Undergrad: 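Before I ask anything, let me first share the structure, which is written out below as structure tokens.
Quick caveat, the model's predicted, so the values are computed rather than measured. Labels below follow one simple rule: chain letters A, B, ... track the order of the sequence lines, proteins then strands, and each chain is numbered from 1.
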Amino acid sequence: MAEKKWKEKKEAASPHYFDLVYDITCLVPEGRVTTYGAIADYLALGSARMVGWALNHCHSQDTTIPAHRVVNRKGELSGRMHFATPSLMQERLEKEGVEIRNDIVCDFPTLFWHPRELGY
DNA sequence: GACCTGACGCCCC
DNA sequence: AGGGGCGCCAGGT
């Protein structure tokens with residue numbers, strides 16, 4: 001359904017994958033977080049790995065991307081070492097009111113945001 | 001042009 | 001329940 005819709009869209013447009021990831025990432029509300037898997041699931045392009053790959057390169061496109069709101073499925077800040085400083089990701093999240101404990105987002109299930117909430 | 005790697009995630013043992 | 005393996009797709013070497 002929606003996945004198909006996205007698939008068509010991506011095949012029609014299919015810029016660079018990270019542009020799509022960039023879109024979703026920018027839509028994540030402040031104080032909320034999403035996961036690589038959720039983004040991959042919403043885009044229906046296949047794998048969460050690619051989302052990570054995309055975010056790895058997105059900073060060269062636009063450093064304003066709130067990539068700090070994207071964590072792995074456990075709520076862990078797995079990508080923090082790829083920021084300017086390893087602590088930057090955590091600092092930004094805390095600034096938005098997200099509590100971090102041991103590089104894990106506290107109460108992650110509650111703060112988790114799925115792109116599906118946009119209503120397609 | 002083939003092979004390896006990657007900010008992950010699920011299935012299988 | 002925990003650990004290991006495979007799949008995913010694109011880019012770089």
Undergrad: May I have the distance from A/Tyr22 (atom OH) to B/dA7 (atom P), rounded to whole angstrom?
TA: 22 Å

Undergrad: For A/Asp19 and C/dG11, give me the distance from atom CG to atom P, rounded to whole Å.
TA: 11 Å

Undergrad: Just compare B/dA7, B/dG9, C/dG11 and give me whichever is closest to any side-chain atom of A/Asn72.
TA: B/dG9

Undergrad: Just the rounded figure in Å: distance from C1' of B/dG6 to CE of A/Met81.
TA: 12 Å

Undergrad: Rounded to whole Å, how long is the line connecting atom CE of A/Met50 with atom P of C/dG12?
TA: 13 Å

Undergrad: Are A/Val70 and A/Leu77 connected into the same hydrophobic cluster when the rule is that any two of I, L, V, M, F, W, Y join if their side-chain heavy atoms are below 4.5 Å apart?
TA: no

Undergrad: Out of B/dG9, B/dA7, C/dC8, which has the shortest distance to the side chain of A/His82?
TA: B/dA7

Undergrad: Pick the P atom in C/dC6 and in B/dC4, then give their distance to the nearest Å.
TA: 14 Å

Undergrad: Roughly, in whole Å, what's the span from CD1 in A/Ile24 to C1' in B/dA7?
TA: 17 Å

Undergrad: From C-beta outward on A/Trp53, which listed nucleotide comes closest to its side chain: B/dA7, C/dA10, B/dG9?
TA: C/dA10

Undergrad: Treating Ile, Leu, Val, Met, Phe, Trp and Tyr as nodes and any side-chain heavy-atom pair under 4.5 angstrom as an edge, say whether A/Val28 and A/Leu88 lie in one connected cluster.
TA: no

Undergrad: Give a yes/no answer on whether the side chain of A/Arg80 brings an N or O atom under 4.0 Å of OP1 or OP2 in B/dA7.
TA: no

Undergrad: Please check if the side chain of A/Asn72 supplies one atom and the backbone of A/Lys74 the other of a donor-acceptor pair under 3.5 Å.
TA: yes

Undergrad: A/Ala67 near the nucleic acid: base, sugar-phosphate alone, or nothing, with a heavy-atom cut-off under 4.0 Å?
TA: base

Undergrad: For residues A/Val33 and A/Val51: do they belong to one hydrophobic cluster (side chain heavy atoms under 4.5 Å, members Ile, Leu, Val, Met, Phe, Trp, Tyr)?
TA: no

Undergrad: What is the distance from CZ of A/Arg69 to C1' of B/dA7, rounded to the nearest Å?
TA: 17 Å

Undergrad: Taking CG from A/Asn56 and P from C/dG12, how many angstroms apart are they, rounded to a whole number?
TA: 11 Å

Undergrad: Would you find a donor on one side and an acceptor on the other, under 3.5 Å apart, between the side chain of A/Thr34 and the backbone of A/Trp113?
TA: yes

Undergrad: NZ of A/Lys74 versus C1' of B/dG9: gap in Å, rounded?
TA: 10 Å

